[in-house]
Amino acid sequence: MESKRIAAEHAVTYIKDGMVVGLGTGSTAYWAIRKIGERVKEGLLVRAVATSRQSEQLAQELGIPLVAFEEIDGIDITIDGADEVDGELNLIKGGGGALLREKIVAASSGKLIIIADESKLVNRLGTFPLPVEVTVFGSSLTMKKLAKFGCPLKLRTVNNQPFVTDNGNYIIDCQFGAIEQPQQLHDEINGIPGVVINGLFIHMADRVIIGQNDGTVREL
Ligand code: 5RP
């Protein structure tokens, strides 16, 4: 928890007055949102968009001004977590189920800063099960198509019920093990009708800030 907080607080130093800020989702992004809230109380002038209802609620509680997408042309900076980060700053995201909004926000951000502890760094993506968001309609057929990649997979559940995303979709978690060609896999999965988005974020992160166990940060 401490290394997540350290990474998050360092990332927040990149935020300047007047910026539109994308708020990530998860236990690392939580610390960034907390810090942004503190800085807003001290006078920082920003407007924010959230990548989940959870982050939106936290931002509201902390008094961070939120803005509708219709009112902005783009996002200056987004600070978000990740489930895995490789040496090329490719990511697996979506462990918290917010991958669709996270990718939409990331794709419109001038700068995407990823914050993580050291446990998220990997040589090759894929040990963490890749989240794939799918429409509820036809989800069992979509699952069969995904199974053709040869990976064990399962429908994400909570309390023995399908987990439903903020967008009303399901998530299939695909255990690839080691992903040799992330871009190719990303494109092939997205080509399946019924797939809304997958959790591979290829060449999207501009910077990764790792909070280390010794209390320092490392920037990649
Ligand atoms: C949510 C995400 C999160 O950023 C990711 O799961 C990392 O979460 P945490 O910071 O709690 O480890 O992609 O959809």
Side-chain angles (χ1 to χ4, degrees), residues 1-12 21-36 48-59 75 77-86 89-109 111-122 125-134 154-158 162-176 179 182 186 189 195-213 217-218 220:
M1 177 196 106
E2 195 56 10
S3 31
K4 291 183 176 187
R5 186 178 64 77
I6 290 164
E9 294 191 350
H10 184 76
V12 172
V21 180
L23 306 174
T25 296
S27 59
T28 319
Y30 164 87
W31 290 109
I33 299 170
R34 284 272 305 259
K35 190 68 188 174
I36 294 167
V49 293
T51 54
S52 61
R53 292 204 183 118
Q54 190 188 33
S55 295
E56 185 176 282
Q57 195 182 336
L58 180 61
I75 297 151
I77 187 169
T78 291
I79 301 176
D80 202 351
D83 301 298
E84 283 186 348
V85 180
D86 75 9
L89 311 193
N90 294 324
L91 318 168
I92 285 184
K93 286 183 52 53
L99 61 162
L100 176 57
R101 294 187 186 195
E102 288 173 338
K103 207 176 253 190
I104 291 171
V105 168
S108 291
S109 295
K111 207 181 223 345
L112 173 62
I113 300 185
I114 295 299
I115 48 177
D117 61 26
E118 291 173 289
S119 70
K120 306 292 181 64
L121 288 175
V122 296
L125 300 175
T127 301
F128 190 91
L130 178 68
V132 180
E133 183 159 346
V134 304
K154 57 174 183 245
L155 178 68
R156 192 178 295 184
T157 56
V158 57
F163 171 86
V164 179
T165 70
D166 284 352
N167 320 296
N169 299 314
Y170 288 165
I171 290 184
I172 315 288
D173 291 302
C174 304
Q175 185 73 68
F176 281 97
I179 298 174
H186 169 276
I189 291 176
V195 168
V196 178
I197 203 106
N198 72 73
L200 282 166
F201 284 48
I202 311 295
H203 299 140
M204 293 188 85
D206 296 291
R207 193 170 289 264
V208 174
I209 299 176
I210 302 293
Q212 305 186 113
N213 294 334
V217 295
R218 181 150 62 101
L220 308 174

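First listed ligand is number 1; within each ligand, the first listed atom is number 1. These numbers come from a predicted model, not from an experiment.
Distance check, rounded to the nearest 0.5 Å: CG of Asp206 to CG of Leu89 gives 8.5 Å. Here the CD atom belonging to Glu102 is positioned 9.5 Å from the CG atom belonging to Leu112, to the nearest 0.5 angstrom.
Remark: distances from the non-hydrogen atoms of Gly24 to ligand 1 are all 4.0 Å or more.
Looking at atom 3 (C) of ligand 1, its nearest protein heavy atom turns out to be Thr25 O, 3.2 Å. From the protein, the heavy atom lying nearest to atom 6 (O) of ligand 1 is Asp83 OD1, 2.6 Å. Nearest protein neighbour of atom 12 (O) of ligand 1, counting heavy atoms only, is Lys120 NZ, 2.6 Å. The protein heavy-atom contact nearest to atom 11 (O) of ligand 1 is Ser27 OG, 2.5 Å. At the top of the distance list for atom 1 (C) of ligand 1, counting protein heavy atoms only, stands Glu102 OE2, 3.1 Å. Of all protein heavy atoms, the one lying nearest to atom 10 (O) of ligand 1 is Thr28 OG1, 2.5 Å. In terms of protein heavy-atom proximity, atom 13 (O) of ligand 1 is nearest to Gly94 N, 2.8 Å.
Applying the side chain to side chain donor-acceptor pair (under 3.5 Å) test to Arg218 and every residue at least two apart in sequence or in another chain returns Gln212.
Among Val122, Leu125, Val85, Leu200, the one residue that satisfies the side-chain contact (heavy atoms from CB on, under 4.5 Å) test with Asn90 is Leu125.
Of the heavy atoms in Ala116, none comes closer than 4.0 Å to ligand 1.
Short contacts between ligand 1 and Gly97, defined as distances under 4.0 Å to a heavy atom of the residue, involve ligand atoms 14 (O). Within ligand 1, the atoms closer than 4.0 Å to a non-hydrogen atom of Asp80 are 4 (O), numbered from 1 in the order shown. The contact set between ligand 1 and Lys4, taken as ligand atoms under 4.0 Å from a residue heavy atom, comprises 12 (O). Contact atoms of ligand 1 toward Gly81: 4 (O) (distance under 4.0 Å to a heavy atom of the residue).
Applying the salt bridge (charged side-chain N to carboxylate O under 4.0 Å, His left out) definition to pairs two or more places apart or across chains, none involves residues 163-172.
For ligand 1, the polar-atom distance check finds no N/O of Gly26 at less than 3.5 Å from any of the ligand's N/O atoms. Considering backbone and side-chain atoms together, Ala98 places an N or O closer than 3.5 Å to an N or O of ligand 1.
Counted by atom type alone, Lys111 and Thr78 present zero donor-acceptor pairs between their side chains at under 3.5 Å.
The backbone N or O of Lys35 lies less than 3.5 Å from no partner atom in the side chain of Glu9, so there is not a single donor-acceptor pair.
Other residues, nucleotides and ligands contribute more than 12 heavy atoms inside 6.0 Å of the CD atom of Glu133. The local environment of CD in Gln57 is sparse, with at most 12 non-hydrogen atoms from other residues, nucleotides or ligands closer than 6.0 Å.
A salt bridge links Lys93 with Asp80: the distance from a Lys NZ or Arg NE/NH1/NH2 to an Asp or Glu carboxylate oxygen falls below 4.0 Å.
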